[in-house]
Amino acid sequence: MKLLRIIILAIIIVTTILACEDKTVYTDPMEESVKALDLDAELGEIFALPDGRAAALVKTTNYDEKGKTNCAIAVIDKNGNYTLSGMIDDYNTCELKYLYESSGMYYAKIESKDAEATGSLYLKLNNNVQPVYYYIVESNIIDSYNLENNCFDYQLYAMMDNGKFAEINTVVSNNDNGVKSKCKLRYMHYYDYEFPNKDYNAFEYDIETADGFFATDAVTFEDKIIIYNEFDNEFSSKEGEYKSIELDDGSFQVRHVPYATIHNEFNEYYILNYDGSIVKSGKCDLPIQYIRYVDGNIYIITSDISLSDESDNQDIFKWLITKIDISGNEIYTSDTIKTFGLLGNITIDNGTLIIPGAVAIDYDNDEGCGTIFLLDDSNGTFKEQILLNYNEITVIPSVISPDQNGEYDVFALARHDYDDWNDYKKGDSEMSSGKLFIYHTNDLHKLQRK
């Protein structure tokens with residue numbers, strides 16, 4: 001965890017140097033139809049904010065003592081201005097898992113992808129995007145198998161806008177009596193950097209979940225928490241795997257870890273009150289990919305991404321969106337959407353659900369393609385699909401933000417054919433990153449290539 005502690009030091013030190021770094025790109029969102037931001041980001045690390053802005057983990061122009069590119073959280077206005085947090089760490093070793101805003105404060109979870117420092121950093125930032133509290137988690141959920149007790153011990157954390165920090169702990173055992181689950185909710189203090197404090201508050205609650213259920217992700221909203229087991233390819237093995245597990249005496253034993261008998265179908269969720277009592281639970285038809293809280297309702301995005309219809313040399317998956325209210329009552333499950341991927345940034349505009357996505361790469365024509373899906377938000381009926389296909393430029397929308405004039409600002413990643421397309425075809429590059437642009441239009445159809 002040395003790397004994650006360096007992350008905190010970097011935030012504290014550089015915050016005093018780079019606090020509120022504003023970059024003005026354009027002054028008026030109506031003067032230009034496209035604004036180019038000198039920001040690099042990953043597609044899955046751009047998040048919609050309630051006021052129509054976007055936030056992302058981006059590369060900075062700063063470098064550490066080893067010459068690695070640092071990163072920061074950027075909150076981006078529709079006019080192209082953005083504010084940066086202090087530097088966090090090496091851009092290539094950090095992944096922004098979620099970021100949301102509530103009452104002028106920002107809550108973020110950043111995972112380390114560094115093999116020497118697996119873990120997560122939870123940040124609470126003020127309205128100037130500077131950190132005020134943080135919490136470090138050192139555990140790695142994949143390696144949480146307890147050999148002695150033949151069980152999995154999952155620890156999930158959630159930041160809540162009432163100032164509490166929650167730990168949801170699930171222990172799943174597999175023995176002669178079958179698969180059993182025990183789930184607890186605890187509240188803790190945030191870390192103080194000088195005097196690390198993980199003392200639990202006096203509040204600890206048992207949660208009565210189904211046997212075999214475990215929670216890997218959580219979404220907090222109003223006075224509730226929704227926990228669910230997000231689909232993960234690493235947990236989807238039907239046979240389990242053999243792992244070398246270190247014993248207390250320092251020796252190692254190879255043991256078969258039976259994933260299939262312990263992990264369920266990744267489609268269950270529980271809505272909890274803050275006292276751990278269950279408001280309602282449910283199951284989706286397909287594995288859960290994301291859960292988002294938007295405009296007072298919960299949207300569960302599901303997909304059978306383990307199956308592929310490889311027609312026309314493309315990967316096409318089945319996606320569904322289930323809308324429920326905060327009491328867990330289902331409003332609808334949408335028509336099937338067939339595409340390569342849906343992003344988690346949902347916008348509701350005049351009764352229409354707008355969600356960005358991507359279609360499969362067409363290897364024959366050397367093209368990637370972004371897309372926008374429109375659905376009726378009252379019943380989930382599919383309305384239409386808008387393709388953003390610009391020949392040698394790959395444009396992938398991430399946040400679609402309507403304004404009060406009936407027009408739209410679309411935060412998107414753009415990549416040109418000369419960036420690294422040849423490397424991508426060789427498997428040496430990813431199509432999921434690029435420069436951020438903001439497109440302004442009075443009609444989303446105008447973004448579609450004729």
Side-chain angles (χ1 to χ4, degrees), residues 37 39-49 53-59 69 71-76 85 88-101 106-114 118 120-123 141 216-219 228 230-236 266 287-294 299-303 305-306 315 317 319 321 337 339-347 354-361 368-373 388 394-401 410-415 419-420 424 429-438:
L37 282 68
L39 293 174
D40 291 282
E42 295 283 339
L43 188 61
E45 299 180 30
I46 307 169
F47 295 85
L49 297 176
R53 295 180 299 166
L57 189 72
V58 300
K59 288 183 181 179
T69 304
C71 59
I73 293 173
V75 173
I76 308 162
S85 69
I88 295 174
D89 200 69
D90 178 21
Y91 180 75
N92 296 317
T93 63
C94 291
E95 180 180 4
L96 183 62
K97 295 296 290 185
Y98 71 69
L99 188 147
Y100 71 93
E101 186 270 340
Y106 301 95
Y107 301 83
K109 175 186 177 183
I110 297 172
E111 285 191 354
S112 171
K113 297 186 289 186
D114 189 287
T118 58
S120 299
L121 170 67
Y122 293 82
L123 285 171
I141 192 170
T216 64
D217 209 348
V219 173
Y228 63 101
E230 180 183 31
F231 180 80
D232 188 330
N233 279 318
E234 295 200 52
F235 288 120
S236 62
F266 308 97
I288 297 173
Q289 309 299 326
Y290 314 101
I291 292 183
R292 296 289 187 265
Y293 174 68
V294 183
Y299 294 84
I300 306 174
I301 302 172
T302 64
S303 176
I305 63 173
S306 61
D315 293 326
F317 306 106
W319 296 80
I321 301 174
I337 302 171
T339 190
F340 179 73
L342 285 185
L343 302 177
N345 293 315
I346 290 174
T347 301
I354 307 172
I355 184 167
V359 301
I361 302 301
C369 186
T371 185
I372 298 173
F373 293 98
L388 284 68
T394 298
V395 177
I396 308 292
S398 184
V399 175
I400 297 99
S401 182
V410 179
F411 297 79
L413 289 183
R415 294 182 66 264
D419 285 345
D420 61 358
Y424 176 77
S429 178
E430 292 289 343
M431 289 292 292
S432 60
S433 62
K435 293 286 186 182
L436 268 168
F437 286 74
I438 304 174

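Because only heavy atoms are used, hydrogens play no part in the values below, and waters and symmetry mates are left out as well, while side chains stay in. Please read these numbers as outputs of a predicted model, since none were measured by experiment.
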If every non-hydrogen atom of [X] is compared with every non-hydrogen atom of [Y], which pair is closest and at what distance?
X	Y	result
S120	K109	OG-CE, 3.6 Å
G344	I301	CA-CD1, 3.9 Å
P397	A412	CA-CB, 3.7 Å
T339	W319	O-NE1, 3.3 Å

For F373, all residues meeting ring-ring contact (aromatic ring centres under 6.0 Å, His included), sequence neighbours excluded: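 Testing F373 for ring-ring contact (aromatic ring centres under 6.0 Å, His included), a comparison that skips the adjacent residues, returns none.
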
[X] (side chain) donor-acceptor with [Y] (main chain) under 3.5 angstrom:
X	Y	result
E101	L49	no
S85	A72	no
N345	P356	no
T371	V359	no

Can you list the steps and then say if I46 with L413 is a side-chain contact (heavy atoms from CB on, under 4.5 Å)? CA-CA 10 Å; I46 307 169; L413 289 183; 4.0 Å; yes

Return the [atom1] to [atom2] distance between [X] and [Y], rounded to the nearest 0.5 Å.
X	Y	atom1	atom2	value
Y290	I355	OH	CD1	8.5 Å
I354	I346	CD1	CD1	11.0 Å
I288	I300	CD1	CD1	5.5 Å
L96	E42	CG	CD	11.0 Å
I110	E95	CD1	CD	10.5 Å
S398	L343	OG	CG	5.5 Å

Apply side-chain hydrogen bond (donor to acceptor under 3.5 Å, both in side chains) to S401 and list each qualifying residue two or more places apart in sequence or on a separate chain.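 By the side-chain hydrogen bond (donor to acceptor under 3.5 Å, both in side chains) rule, S401 matches K78.
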
Evaluate the side-chain contact (heavy atoms from CB on, under 4.5 Å) criterion for residues V219 and Y228: first the C-alpha distance (whole Å), next the side-chain angles of each, then the deciding distance (0.1 Å), finally the verdict. CA-CA 9 Å; V219 173; Y228 63 101; 4.2 Å; yes

Given side-chain contact (heavy atoms from CB on, under 4.5 Å), test F47 with F411 step by step and report yes or no. CA-CA 10 Å; F47 295 85; F411 297 79; over 6 Å; no

With the side chain counted from C-beta on, respond yes when S303 and L342 share a heavy-atom pair under 4.5 Å apart, and no when they do not.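 No; the side chains remain at least 4.5 Å from each other.
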
Counting C-beta onward and ignoring hydrogens, is there a side-chain heavy-atom pair between D40 and K435 closer than 4.5 Å?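 Yes, close enough: below the 4.5 Å cut-off.
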
For the residue pair Y100 and Y107, categorise the inter-ring angle as parallel (less than 30°), tilted (30 to 60°) or perpendicular (more than 60°).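 Y100 vs Y107 ring planes: parallel.
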
Please assess I76 against V399 for the test side-chain contact (heavy atoms from CB on, under 4.5 Å), listing each intermediate value before the final yes or no. CA-CA 11 Å; I76 308 162; V399 175; over 6 Å; no

